[in-house]
Structures are given as C-alpha cells and as structure tokens.
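Take a look at the structure set out below.
A quick note: this is a predicted structure, and the numbers were derived from the prediction, not measured.
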Amino acid sequence: MTSWTEGYVADIGYTHGFYRELTPAFLSLAALVRGQSGPAVDQPLQICELGCGQGFSMNLLAAANPHLRFHATDFNPSQIAGARALAGEAGVGNVSFYDTAFAAFADEPGLPEAFDIIALHGIYSWISPKNRQAIVDFIRRKLKVGGLVYLSYNALPGWASGMPLRRLFVERAGSTSGAIGPRIEEALAFTSRLKDLNAGFFRTNPGTGARFDRIKVQNRNYLAHEYFNRDWTPFYFADVADELGAAKLSYVGSAALLETIDAINLTPDQQALLAEIGDAAQRETVKDFIFNQQFRRDVFVKGPLPLQPRSAQERWLDQRFVLSARRDDVPLTVRGFLGEGKLQSEVYDPLLDGLSNGPKTVRDLVADPAVGRLGWARLTQALTVLVGSAHAQPCLPVKDEGKRVKSAKIFNQAVASRARNDGELQYLASPVTGGGVSVNRFQQIFLGALWSGKKTPAEWVDATWAILSGQGQRLLKEGKPLETEADTRAELTSQAEAFAEKQLPVLKTLGIA
C-alpha cells in the first residue's frame with residue numbers, strides 16, 4: 001500500500017512561520033522593481049498557495065486583505081485542520097483550506113476558474129518529480145494571463161558541499177524505525193562524532209563543519225522538513241526556469257530585493273562579466289556562481305508586460321511605503337554579498353525623515369525638495385533597499401483601510417489570546433501593509449493587556465505575571481530560568497518598557513495597536 005505521505009515527513013508538524021514574500025503588495029512591488037506590470041492589489045484578486053504547511057501565512061494574509069480571496073492546500077490533514085481552526089477563531093472568512101493532492105487540486109470544486117497569484121514557499125525542492133510536474137500542470141491550467149508565480153527552492157551551486165551532509169542525515173535516520181524526533185537527534189549526534197574524528201570530508205570542506213554547527217542548534221520541526229524527507233533536490237536556476245516554461249512562465253526577478261542591487265553584491269568586473277551574457281537564464285546561473293547561491297526566491301509571470309517608463313513612474317508615485325522600524329533604529333548600513341556597505345546619508349536621511357510620521361506615497365515624498373533632488377534612479381533604488389532590508393514595507397492603498405483594520409484586529413486578538421498558552425505564533429497582521437509583523441509572545445501578551453484597558457507597562461507586567469505564575473511557567477533570560485518572582489518581574493518590566501518605547505509606536509503606525 002502506498003503511503004499518503006509519499007516520503008514526506010508527516011509525524012512532526014511544520015513551523016508556524018510567516019513568509020513576507022507571499023504578501024500580495026510585496027509581490028506587486030517586486031514586479032514593479034523590475035519594470036513589470038503586477039496585479040492591482042486593491043482589486044478582488046484570487047490567490048493560491050500550494051503546500052501551505054500550517055496555513056498561518058494564508059490566515060494572516062486573508063485577515064489583512066479581506067478584499068482578496070485565498071485558497072491553500074497541503075497534503076497533511078492535521079495541518080489543514082489546525083489552519084481551519086485558526087481561521088474559525090479569528091473570523092477569517094475569505095480563505096479556504098484543502099488537503100487535496102497537487103495532481104487533483106486543479107479539479108477541486110471550490111476553486112475559482114483562475115488565479116492572479118500562485119505561491120509556493122519551501123516546496124519545490126522537497127517533493128518528487130511527479131509532484132513537480134503536477135504543480136507545473138496546475139499553474140498551466142489555473143494561472144491567469146498576467147498572473148504571478150512565487151516559488152522558493154534550494155539552489156546550486158551553494159548546496160553542492162552540503163548535499164553529502166544531508167545524505168548522511170537521511171541514511172543514518174533511515175537505519176532505525178520509530179518517531180522522527182529521536183532519529184533526528186541520533187543522526188545529528190552521529191554526524192557530530194564523525195566530525196570530531198577529523199573525517200576527511202569535513203577537513204577538506206571546512207565550510208561544511210560550520211554549516212553543521214548551525215544545523216544542529218536549529219528548531220527540530222524545521223530540520224525534519226528541511227533535511228529528512230525522502231525527496232530533496234537543489235536546483236540550478238536554468239532547470240527551474242525550463243520546467244516552468246511548460247506553463248508559459250517567464251522570469252521576472254528575485255523577491256530577495258537586496259539581490260537586485262548590483263552595487264552591494266557585485267564588483268565592477270563581475271557586473272561587466274554578467275553584462276556580456278545575453279541569455280537571461282545563463283546570466284542568473286552565473287550570478288549564482290558568483291554568490292554561491294543556496295536559496296532562491298523567484299518571481300515568474302505568465303505573459304510578461306513590461307511597463308512603459310511613464311506608466312512605471314506613475315505606479316511608483318502612487319505606491320505607499322511605511323517604516324516597519326523606528327526612524328532612529330534604522331541603520332545606515334546594508335549587507336550584500338560583498339559584505340556590509342554604508343548608505344549615503346544625503347540619500348536615506350530625507351527618505352527616512354519623510355516616512356517617520358507614517359505611510360507616504362512616493363508622490364508625497366518627492367514633494368520634499370531634499371527627496372526630489374535625488375533623481376528617479378537613486379530614489380527608487382533607495383526605496384528598494386529599505387524594503388529589501390525589511391526596514392520599510394510597501395503599503396496597500398488608503399481605500400478601505402477601515403475594513404482591513406477591523407478584520408486584522410479580530411485575527412490579532414485571536415493570535416494574542418493563544419500567546420497566553422505558548423509562543424508558537426510570532427506574527428500579527430497589518431491592515432496598512434496587508435502583510436505580517438514579527439511580534440513575540442510577551443509583546444502579544446502586553447498588547448492583549450493594552451486592548452483590555454491596561455494602559456501602563458506596570459499593568460502589562462501584572463497581567464503577564466498572572467499568566468506565567470498560573471501556569472507554573474518561568475521566564476528565560478540568557479537561556480537560564482529566572483527563579484524568583486522579583487527577578488521575573490524585573491525582566492518583564494524591562495521588556496514592557498522597551499516595548500512601550502520602541503515597538504508600540506511602530507505597531508500603531510502599522511494599524512495593529
């Protein structure tokens with residue numbers, strides 16, 4: 001009898017992550033950065049995620065974008081049950097979850113005729129060739145002309161030295177039976193012993209030892225799904241582009257926006273070499289050799305429609321942006337493949353000052369002479385850098401923001417209510433950006449207290465202590481549990497005051513607090 005899991009790890013759940021690249025407004029900007037027409041995110045779009053895991057990203061995005069319709073499938077029925085439960089708690093009515101296999105999903109009765117966006121995060125490298133073909137067939141049948149596809153995958157050549165390490169994990173874990181958790185621990189322990197015995201593989205591939213040291217401290221749920229599935233394939237970009245070509249897809253660009261900025265990633269000689277290559281797929285492959293790329297985040301389109309310069313400029317001018325950090329906390333540095341680079345204060349200070357009081361369109365920003373003098377190329381590149389480094393986010397239009405505030409608030413209250421028991425859900429929905437914002441467990445509890453009428457950090461600490469003490473939980477500081485109530489309250493007070501000063505103003509700007 002063939003297992004419904006098809007070799008995929010199913011006895012340990014995937015993490016409850018949020019992936020910014022799935023955000024419709026973000027994907028639309030990624031297309032605009034490349035001069036490509038993207039979906040109008042203020043229209044009633046149809047969006048699909050294939051392999052949604054726990055479904056947290058789709059639930060959050062549906063709450064933050066109540067004017068859009070979301071559909072998502074995952075092979076694991078337990079994860080789909082959890083996704084539906086959260087949707088019910090949070091009153092999210094514009095998302096549907098399915099446990100339908102990729103090969104049958106196109107014929108699912110509840111789906112629309114076609115989608116504006118189809119997204120796959122962390123799926124393509126971890127499934128069989130048969131399932132990859134089913135995905136390509138689904139995209140061919142269900143993506144609208146002009147629609148976008150986002151997919152991420154493990155890339156070559158960056159994974160070349162890591163492939164034997166992953167094979168060792170799988171071989172060792174497969175030598176015994178039982179739950180995957182203990183088998184992961186045994187495989188990691190065995191690999192650690194081998195490394196300590198000065199095995200030639202680690203000696204001649206020194207980067208692999210450092211890679212293993214990072215792996216062995218990572219979340220075990222993540223490791224199970226990243227390394228221990230039967231199917232696991234890193235790809236050269238050209239091979240992925242070739243497979244997706246059967247669905248009439250063309251490459252738009254990377255959703256890792258910082259990678260689109262040559263100045264922080266490529267030397268002048270490297271830029272000159274790439275400029276000699278006329279074939280786009282070969283150029284991306286050569287760039288991956290320069291970067292030693294390990295993970296790609298690619299955006300494709302069915303029917304590219306390059307924007308005329310004037311149309312592109314008008315779309316930029318109408319695009320809103322917002323800071324997702326305090327103005328004073330945004331560093332004038334950025335890290336690319338060439339290392340850390342300094343940002344020109346004469347370029348970035350006027351932009352950051354302009355965004356310091358809330359969302360602004362580019363049209364609003366250029367009304368400031370200091371911004372207007374930057375010139376179009378420097379202005380758009382600077383905004384791309386700020387978004388790529390996650391210090392700023394593209395926003396949805398002001399229209400219908402009130403409806404988004406109501407929908408997102410119900411979702412955020414449901415998530416914060418769960419924070420009373422655990423810290424599994426680490427993001428809240430922003431009705432301003434239509435995306436997610438990282439907010440940890442205690443910050444969510446502080447918000448819950450604020451929403452219930454408790455205005456001061458001291459009151460938030462009282463509420464948090466009541467939860468922790470009632471559950472017999474202890475707070476960790478520097479990896480060690482705090483033993484006394486006084487020590488716990490002191491640490492909570494420090495966190496609450498920092499939250500009030502730094503995070504809360506940003507959350508208010510993002511429409512969350």
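- From His71, atom NE2 reaches atom CE of Met58 across 11.0 Å, with rounding to the nearest 0.5 Å.
- Crowding of Arg203 atom CZ: a count of heavy atoms from other residues, nucleotides or ligands under 6.0 Å exceeding 12.
- Surrounding NZ of Lys409 are at most 12 heavy atoms belonging to other residues, nucleotides or ligands under 6.0 Å away.
- Between Trp316 and Phe321, the ring planes lie parallel to each other; the angle is under 30°, not in the 30° to 60° tilted range.
- Between Tyr153 and Phe235, the ring planes are perpendicular. Angles over 60° get that label, and only those under 30° would be called parallel.
- Checking Arg69 against Ser96 by side-chain atom types alone, a donor-acceptor pair falls below 3.5 Å.
- Listed by chain and number, the residues in a side chain to side chain contact (heavy atoms under 4.5 Å, CB included) with Thr73 are Leu50, Tyr98, Thr100, Phe102, Phe105 (sequence neighbours excluded).
- With rounding to the nearest 0.5 angstrom, the CD1 atom of Ile277 is 7.5 Å from the CZ atom of Arg283.
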Applying salt bridge (charged side-chain N to carboxylate O under 4.0 Å, His left out), run through Arg320 and Glu401 and close with a yes or a no.
-> CA-CA 13 Å; Arg320 286 202 305 165; Glu401 191 164 280; 2.9 Å; yes
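- Ion pairing between a basic and an acidic side chain is recognised when a charged N comes within 4.0 Å of a carboxylate O; Asp231 and Lys130 show no such pairing.
- Considering CD of Glu186 and CZ of Arg172, their distance stands at 4.0 Å, rounded to 0.5 Å.
- By the salt bridge (charged side-chain N to carboxylate O under 4.0 Å, His left out) test, Lys195 is found to be paired with Asp213, residues two or more places apart in sequence or in another chain being considered.
- Contact check on Arg297 versus Glu259 returns no salt bridge, with no Lys/Arg side-chain nitrogen under 4.0 Å from an Asp/Glu carboxylate oxygen.
- Using cut-offs of 30° and 60° for the angle between ring planes, the Tyr427 and Phe56 rings count as tilted.
- Under the 4.0 Å criterion applied to side-chain N and carboxylate O atoms, Lys287 and Glu284 are assigned as salt-bridge partners.
- Thr433 pairs with exactly one of Leu510, Asn65, Thr23 by the side chain to side chain contact (heavy atoms under 4.5 Å, CB included) rule, that one being Leu510.
- Cation-pi check for Arg167 over Trp232 is not met; the charged atom does not lie both under 6.0 angstrom from the ring centroid and within 45 degrees of its normal.
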